Amino acid sequence: MQPKVNIMHLPVYQPGKPIEDVKRELGLDEVIKLASNENPIGYSPKAREAMLDEIDQLNIYPDGASVELTAVLAKRLGVQENQIIFGTGSSDIILMICRAYLTAEDETVMANETFSQYKHNCEIENAKIVEVPLKDGRHDLDAMLAAVTDRTKVVWICNPNNPTGTVVEHEQLVQFLEKMPKHVLVVLDEAYCEYVTADNFTDGVSLLPRFSNVVILRTFSKVYGLAANRIGYGIGEASVIRTINQVREPFNTGRLAQVAAKASLLDDEFLARSVAANSAGLDYLHSAFDRLGLQYFKGHGNFILVDVRTPSKQIFDLLLRKGIIIRAGWKHYPTWIRVSVGTEQENIKFVRELEEVLTELAVLH
Ligand SMILES: Cc1ncc(COP(=O)(O)O)c(C=O)c1O
């Protein structure tokens, strides 16, 4: 059997190490996972109630078009219902965009260190991938524009960018979109946007009336804490959403995911609590890195990329032995680790153990 040649080199996605595996392998009672940018305080109690109410309906297929959820979300965002599409996480929307728009004749432009699933799915479609180096951890919008050709179909902007946590500022984003040729679809991945408190950050939805070639990706996996439920969405001009819908699997969001997402959208208290806890966690980690003299990119999502001046895989292993799972192995940041904001206790434990590890390695004096 011969698979498609262009997928033969692709790695299988490596998620953050599961807590239970680490506990078993290392014989540890307590393990904390700060590796997958999850919400450490859980998810909305209203979502829990909604899922329990729905639990006896699992023999019946879900609403394939997520009608009720779409109505609630459209109202909240101030867009039309036909401007929204749901996916099995926003990863599913990334996959659908590639499936709908890219062929081997096409080019696609992305940063050289960004969410891995853009490149992965573009490679599956055999499109030519043009990677533009980040500049100080930020998207280099001028260089990305310069990389666009007549054959470019899709440009990816991750805002805030995973793994660097940096944001694209309002004026720069608008100028970039103004200059972008209209045959190019610009994907603005805003998986972490609800966390952003910076004044110069623009919610992509507000740009949609001006730029019909933009599609925005969001998810319930991050601030809403529903990562296990696998539900995310795309917002764009109706014709773009229709195109993406043409390649959507019929029942790509489950019943529990739909009701939990709908209840979460109506729970502002949980959202505010999550954002406040995250801001406090970011502040704590930023000042700890300052105190330790470590360079980092100021995080705008729920994670920070920090330079530990040691091969990151080594720090990963040393922290793992202490029961802390972080993320390492960034090609262009070989000595940097990405840590997700945890609970207050988790953040304190992480800093204590990191300090100990780096002191033992004589990175800190
Ligand atoms: C930037 C970005 N986009 C999209 C996703 C996918 O999230 P999900 O498929 O859980 O919605 C992630 C997950 O980590 C991410 O970091």
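Only heavy atoms go into these numbers, but all of them, side chains included; no hydrogens, no water, no symmetry mates. Counting starts at 1 for both ligands and their atoms, in listed order. This is a predicted model, so every value here is computed, not measured.
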Find all atoms of ligand 1 within a distance of less than 4.0 Å from any non-hydrogen atom belonging to [X], and give their numbers and elements.
X: R230; value: 8 (P), 9 (O), 10 (O)
X: G89; value: 8 (P), 9 (O), 11 (O)
X: C158; value: 1 (C)
X: S221; value: 8 (P), 10 (O), 11 (O)
X: K222; value: 13 (C), 14 (O)

With a 4.0 Å cut-off on heavy atoms, is [X] touching ligand 1?
X: Q117; answer: no
X: F220; answer: no
X: A227; answer: no
X: A191; answer: yes

How far is [atom] from the closest protein heavy atom, and which atom is that?
atom: atom 7 (O) of ligand 1; result: S90 OG, 3.5 Å
atom: atom 9 (O) of ligand 1; result: S91 OG, 2.5 Å
atom: atom 12 (C) of ligand 1; result: F115 CZ, 3.4 Å

Geometric N/O contact [X] with ligand 1, under 3.5 angstrom:
X: S36; result: no
X: Y192; result: yes
X: T219; result: yes

Is L285 linked to V363 within one hydrophobic cluster, defined over Ile, Leu, Val, Met, Phe, Trp and Tyr using a side-chain heavy-atom separation of less than 4.5 Å?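 Both belong to a single hydrophobic cluster.
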
Y233/F220 aromatic ring centres below 6.0 Å: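 Yes, close enough.
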
Strictly by modelled atom types, are N302 and N278 linked by a side-chain donor-acceptor pair under 3.5 Å? no

What do the steps show when you test E178 against V174 for side-chain contact (heavy atoms from CB on, under 4.5 Å), and what is the final call? CA-CA 6 Å; E178 277 168 351; V174 170; 3.7 Å; yes

Roughly how far apart are L319 CG and I326 CD1, rounded to 0.5 Å? 5.5 Å

Closest to atom 2 (C) of ligand 1 (judged by heavy-atom distance), picking from D189, N161, V187: D189

Within the side chain of S206, is there an N or O that forms a donor-acceptor pair under 3.5 Å with the backbone of D203?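 Answer holds: yes.
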
For T88 and T253, indicate whether the former's side chain and the latter's backbone hold a donor-acceptor pair under 3.5 Å. no

Would you mind telling me which of Y296, F303, F297, W330 makes a ring pair (Phe, Tyr, Trp, His ring centres under 6.0 Å) with W336?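 Testing each of Y296, F303, F297, W330 against W336, the sole residue satisfying ring pair (Phe, Tyr, Trp, His ring centres under 6.0 Å) is F297.
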
Minimum heavy-atom distance S212-V240, with the two atoms named: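 For S212 versus V240, the nearest heavy atoms are O-CG2, 3.9 Å.
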
Do you know the tightest heavy-atom contact between E125 and C98?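 Shortest heavy-atom contact: CG-O, 3.4 Å.
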
